[in-house]
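Below: one structure, written as structure tokens.
Indexing begins at 1, ligand by ligand and atom by atom, following the structure's order.
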Amino acid sequence: MSLRPYCGIDFGTSNSAVSVGRGDQVQLVPVEGDAVTLPSALFFNTEEDHLSFGRKAIAEYLDGYEGRLMRALKSVLGSHLIGETTQVGTKRKNFREIIGLYIAHVKQAAERHAGEPIEDVVLGRPVHFVDDDEEANQRAENELRGIAEAQGFKTIRFEYEPLAAARDYASRLSARETVLVVDIGGGTSDFSVLSLSPDHSDILANTGVHIGGTDFDRLLSMDTAMVDMGWKSKLKSGLDMPGLTYHQLSTWHLINFLYTQKVMHSVRELHHLAERRDLTQRLIKVLEDRMGHAIASRIEAAKIALSSDAVTHIDYGDIDAGWVSDVRRETLITATAREVARVVATALLCVEKAGLKPDAIHTLFMTGGSTAMPGFEAAMQAAFPAASINYGDRFSSVASGLGLAARAAFKT
Ligand SMILES: Nc1ncnc2c1ncn2[C@@H]1O[C@H](COP(=O)(O)OP(=O)(O)OP(=O)(O)O)[C@@H](O)[C@H]1O
Ligand SMILES: [Mg+2]
């Protein structure tokens with residue numbers, strides 16, 4: 001009898017990846033060309049009537065094809081938005097269907113590799129999909145389970161993403177260590193404390209908080225691009241400019257909700273009342289041309305550039321001739337300082353929950369793209385002075401570990 005394949009899927013806010021195994025052998029598999037990671041993006045290309053995923057989806061949107069880009073869909077799980085629909089061409093689609101299309105695409109990549117259908121999966125999940133609301137948190141997991149079932153998975157297990165990363169780390173370990181796993185992603189920051197040895201692991205505590213790279217993008221955007229579009233300016237009456245539209249425009253998973261007649265109408269009204277119509281004119285142009293994701297992409301790229309450069313340059317000349325913005329690392333650090341401090345506090349809380357003092361941690365095993373935020377490593381080192389820092393693959397450690405979890409659960 002041939003061995004049944006199984007898989008582990010990391011459905012990330014920003015990037016996804018999948019490991020496929022059979023018997024003892026388990027590996028990350030290509031999901032877009034040769035790449036083993038796939039941006040968590042779909043583009044409903046209504047101009048050419050097709051659906052694209054990943055890098056291709058983002059490229060088609062940025063190339064100016066008519067259609068609808070969807071990103072950060074994981075942030076919708078557990079929120080009231082999951083039941084909402086969004087306009088795609090002439091149809092409306094709900095978020096369960098849209099996330100289902102994405103999971104189906106990842107499943108197909110796994111099955112292409114396996115050469116047959118796969119029914120058994122371990123899905124990663126953050127410790128908290130939703131902060132401070134256990135019911136919504138459980139609802140989010142149930143929604144993801146339902147979506148995976150609808151795509152044909154039969155046996156579905158969940159594992160906390162940082163525990164999956166710990167399996168990846170443990171697979172390379174030679175001695176016993178007390179490890180704090182630090183996974184700072186696009187949507188959430190997740191932590192686990194484990195006592196790990198090559199053949200044994202004890203989970204001591206898990207914590208998580210709904211702060212990640214998409215929040216850092218939002219905060220940087222609010223302090224730069226949105227100010228350049230009128231946020232923080234005044235109305236002619238002397239009142240402050242209302243912030244809701246700016247807030248939505250800088251939040252990845254809310255951008256599409258702005259593209260309605262109702263929003264256009266109220267923004268045109270505000271423009272009429274604004275003191276700085278030169279700035280609100282840009283907002284109107286961005287909404288009319290549906291450039292919300294283009295702005296967010298430029299902000300994200302600037303944030304990433306600032307992890308290595310002290311200053312970076314964003315060109316918005318396609319929206320308003322001559323509009324350019326120099327963004328300094330200090331601006332990013334100031335904009336995000338409070339949230340980064342909350343992330344570090346959540347790490348300390350995890351260690352406290354484990355009944356340990358910070359200096360009992362031997363290793364910080366760091367994964368997730370947002371661990372590269374300026375100042376983050378230094379802040380973690382200051383909080384855990386006795387620990388040495390070890391990086392896993394920032395974008396695939398969790399998926400590798402979910403493959404190991406699937407092997408433990410499903411190996412035949
Ligand atoms: N050099 C960098 N500096 C700062 N942030 C970065 C850098 N590189 C990537 N990021 C950010 O990392 C995030 C993506 O990380 P990752 O792929 O680990 O998230 P994810 O697994 O999709 O999200 P989650 O686990 O929270 O659901 C994005 O917000 C991205 O902008
Ligand atoms: Mg992740």
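- Each of the following atoms of ligand 1 lies closer than 4.0 Å to a heavy atom of Gly12: 20 (P), 21 (O), 22 (O), 27 (O).
- Closest protein heavy atom to atom 13 (C) of ligand 1: Ser370 OG, 3.7 Å.
- Considering backbone and side-chain N/O atoms, Ser14 comes within less than 3.5 Å of an N/O atom of ligand 1.
- Between Phe53 and Phe43, the ring centre distance reaches or exceeds 6.0 Å.
- In terms of polar-atom proximity, Asp10 is not counted as a contact of ligand 1, lacking any N or O under 3.5 Å from an N or O of the ligand.
- Only side-chain heavy atoms of Ser307 come within less than 4.0 Å of ligand 1; its backbone N, CA, C and O stay farther off.
- For Phe395, no nitrogen or oxygen atom sits less than 3.5 Å from a nitrogen or oxygen atom of ligand 1, counting backbone and side chain alike.
- Which of Ser16, Ala399, Ser297, Gly186 comes nearest to atom 19 (O) of ligand 1 through a heavy atom is settled by distance: it is Gly186.
- A salt bridge does not link Arg329 to Asp309: none of the charged nitrogens lies less than 4.0 Å from a carboxylate oxygen.
- Nearest protein neighbour of atom 30 (C) of ligand 1, counting heavy atoms only, is Glu300 OE2, 3.2 Å.
- Using a cut-off of 4.0 Å between Lys/Arg side-chain N and Asp/Glu carboxylate O, Arg172 and Asp168 are scored as salt-bridged.
- A salt bridge links Glu111 with Lys107: at least one charged nitrogen is closer than 4.0 Å to a carboxylate oxygen.
- Residues Gly368 and Asp183 come closest through the heavy atom pair CA-OD1, 3.6 Å.
- Below 4.0 Å from some heavy atom of Gly368 lie the following atoms of ligand 1, by number and element: 18 (O).
- For the pair Ile184 and ligand 1, the shortest N or O to N or O distance does not fall below 3.5 Å.
- A salt bridge links Asp120 with Arg4: the closest approach of a Lys/Arg side-chain nitrogen to an acidic carboxylate oxygen falls below 4.0 angstrom.
- Residues Asp217 and Lys303 are paired through a salt bridge, judged by an N-O separation under 4.0 Å between the basic side chain and the carboxylate.
- Summary of contacts: the protein heavy atom closest to atom 24 (P) of ligand 1 is Thr13 OG1, 3.5 Å.
- Between Phe11 and ligand 1, a contact under 3.5 Å exists for no N or O pair.
- Here Arg167 pairs with Glu159 in a salt bridge; the nearest charged N to carboxylate O distance falls below 4.0 Å.
- Shortest contact from atom 17 (O) of ligand 1 to any protein heavy atom: Asn15 ND2, 2.7 Å.
- Checked for salt-bridge contact, Arg342 and Glu339 meet the test: a charged N lies under 4.0 Å from a carboxylate O.
- A salt bridge does not link Lys74 with Glu141: none of the charged nitrogens is closer than 4.0 Å to a carboxylate oxygen.
- Under the 6.0 Å distance and 45° angle rule, Arg218 does not count as a cation-pi partner of Trp252.
- Note on ligand 1: Gly212 sits outside its first shell, no heavy atom being nearer than 4.0 Å.
- With no hydrogens or angles considered, a side-chain donor-acceptor pair links Arg125 and Asn137 at under 3.5 Å.
- For ligand 1, the atoms closer than 4.0 angstrom to any heavy atom of Thr188 are 26 (O).
- When each atom of ligand 1 is checked for a heavy atom of Gly187 under 4.0 Å away, the hits are 23 (O), 24 (P), 26 (O).
- Taking the charged nitrogens against the carboxylate oxygens, Asp278 and Arg276 do have a contact shorter than 4.0 Å, which makes a salt bridge.
- Among protein heavy atoms, atom 2 (C) of ligand 1 sits closest to Ala372 CB, 3.5 Å.
- Near Gly213, the atoms of ligand 1 lying under 4.0 angstrom from a non-hydrogen atom of the residue are 29 (O).
- Remark: minimum distance from atom 18 (O) of ligand 1 to any protein heavy atom is reached at Gly369 N, 2.9 Å.
- With ligand atoms numbered from 1 in the order given, ligand 1 contributes 25 (O) to contacts under 4.0 Å with heavy atoms of Glu161.
- Among the atoms of Asp183, none of the N or O lies under 3.5 angstrom from an N or O of ligand 1.
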